[in-house]
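Here's the structure, in structure tokens; my notes come after.
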Amino acid sequence: MKKFYLYLFLCVTLCSCESDWKAKIGIGCFMDGKLCFEYFDYSNSYEKYLILISNDIKYRVEVGGNWSNWLDCQAIDTKRTICSLQQLNISMDKLRDDCKGKLDIKKYPKDYWVLRYYSIDYHIDNKPPYSINEINEQYVERIGLRKWMNTQSINDKQEILCPN
């Protein structure tokens, strides 16, 4: 009987929490179901994508430029989420040259990577329905995410599938 009440208590507690904890373990989304992670696994790594869903249309949230991989996010409210990103410090042209047109997996040392932070804001009337802006560490601290920011780190074992 005690197990039943403990189970009932845990279910009620978990259901009453914000949905961010579900997003972090891959069974839910940020911003009231609008911003979700998707994964592509290969070798010993994965690529983690951010997908924004608006009016049943999926938009892949990307940062221009070099190869990158989303690490983690923290929802601020139903319209704004702060995310960390691991980005390769070499251009896509250099990456293609390193791959030499082969279907291969590349790995770069830690000093080839940079950790960046972005604010993703939902705008229902825009196409695409979001804006993305790089933010600095001081801003992340100012909005109360210092503890979260300190847990973000570059995965130096990250592998990259060679682009076509």
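Everything quoted here is computed from the prediction, not taken from an experiment.
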Does K106 reach the side chain of C162, with side-chain heavy atoms less than 4.5 Å apart? yes
Look at atom OH of Y59 and say whether more than 12 heavy atoms of other residues, nucleotides or ligands are closer to it than 6.0 Å. yes
With a 4.0 Å cut-off, would you call K107 and E159 a salt bridge? no
Can we say R80 and D121 salt-bridge, meaning some charged N sits less than 4.0 Å from an Asp/Glu carboxylate O? yes
With rounding to the nearest 0.5 angstrom, report the CE to CG distance, M31 to D77. 8.5 Å
Electrostatic pair K94:D97 at N-O distance under 4.0 angstrom: no
Flag the pair V61 / Y118 as yes when at least one side-chain heavy-atom distance between them is below 4.5 Å, and no otherwise. no
Enter the distance from L161:CG to E47:CD here, rounded to the nearest 0.5 Å. 5.5 Å
Would you call Y49 and N69 a side-chain contact if the rule is heavy atoms closer than 4.5 Å? no
Please find the pair of heavy atoms, one from L50 and one from C83, that lie closest to each other, and give the distance. CD1-SG, 3.7 Å
Test item: V114 and L85 side chains (from C-beta on) under 4.5 Å apart, heavy atoms: no
For the pair W67 (side chain) and I90 (backbone), establish whether a donor and an acceptor sit closer than 3.5 Å, ignoring hydrogens and angles. no
Grab the two heavy atoms, one from C36 and one from I53, that are nearest each other, plus how far apart they are. SG-CD1, 4.0 Å
Before you tell me yes or no, could you show the steps for Q152 and D72 under side-chain contact (heavy atoms from CB on, under 4.5 Å), namely the whole-Å CA-CA distance, both residues' side-chain angles and the distance that decides it to 0.1 Å? CA-CA 8 Å; Q152 304 308 298; D72 193 20; 3.3 Å; yes
Taking all heavy atoms of A75 and all of T81, pick out the closest pair and write down the distance. CA-OG1, 3.8 Å
Y39 ring center near Y46 ring center (under 6.0 Å): yes
Closest approach of N66 to N89 (non-hydrogen atoms, all atoms of both residues): ND2-C, 3.8 Å
If you measure only the distance, is there a donor-acceptor pair under 3.5 Å linking the side chains of Y108 and D98? yes
Less than 6.0 Å separating the ring centroids of F37 and F30? yes
Please examine the side chains of H123 and S131, heavy atoms only from C-beta on, and report whether any two atoms are closer than 4.5 Å. yes
Just so I know, are the side chains of P129 and I124 near enough to count as touching, which here means a heavy-atom distance under 4.5 Å? no
Do you know which two heavy atoms are closest between Q87 and V63, and how far apart they sit? NE2-CG1, 4.4 Å
Can you measure from CH2 (W148) to SG (C73) and round to the nearest 0.5 angstrom? 7.0 Å
K48/E38 salt bridge by N-O under 4.0 Å criterion: no
I want to check something: taking the side chain as every heavy atom from C-beta on, are S45 and Q158 in contact at a cut-off of under 4.5 Å? yes
May I ask you to decide if P128's main-chain N or O and N126's side chain share a donor-acceptor pair within less than 3.5 Å? no
L52 vs I57 side-chain heavy atoms within contact, under 4.5 Å: no
What one should report as the nearest heavy-atom pair of Y42 and I160 is OH-CA, 3.7 Å
Euclidean distance, D32 CG relative to L35 CG, rounded to 0.5 Å: 11.5 Å
For the backbone of Q138 and the side chain of N136, can you confirm whether one donor and one acceptor N or O come within less than 3.5 Å of each other? yes
OG of S84 to CD of Q74: how many Å apart, nearest 0.5 Å? 9.5 Å
Is the NZ or CZ atom of K79 positioned over Y122's six-membered ring, under 6.0 angstrom from the centre and within 45° of the axis? no
First locate atom CD1 of I135, then atom CD1 of I143, and finally report the distance between them rounded to the nearest 0.5 Å. 5.5 Å
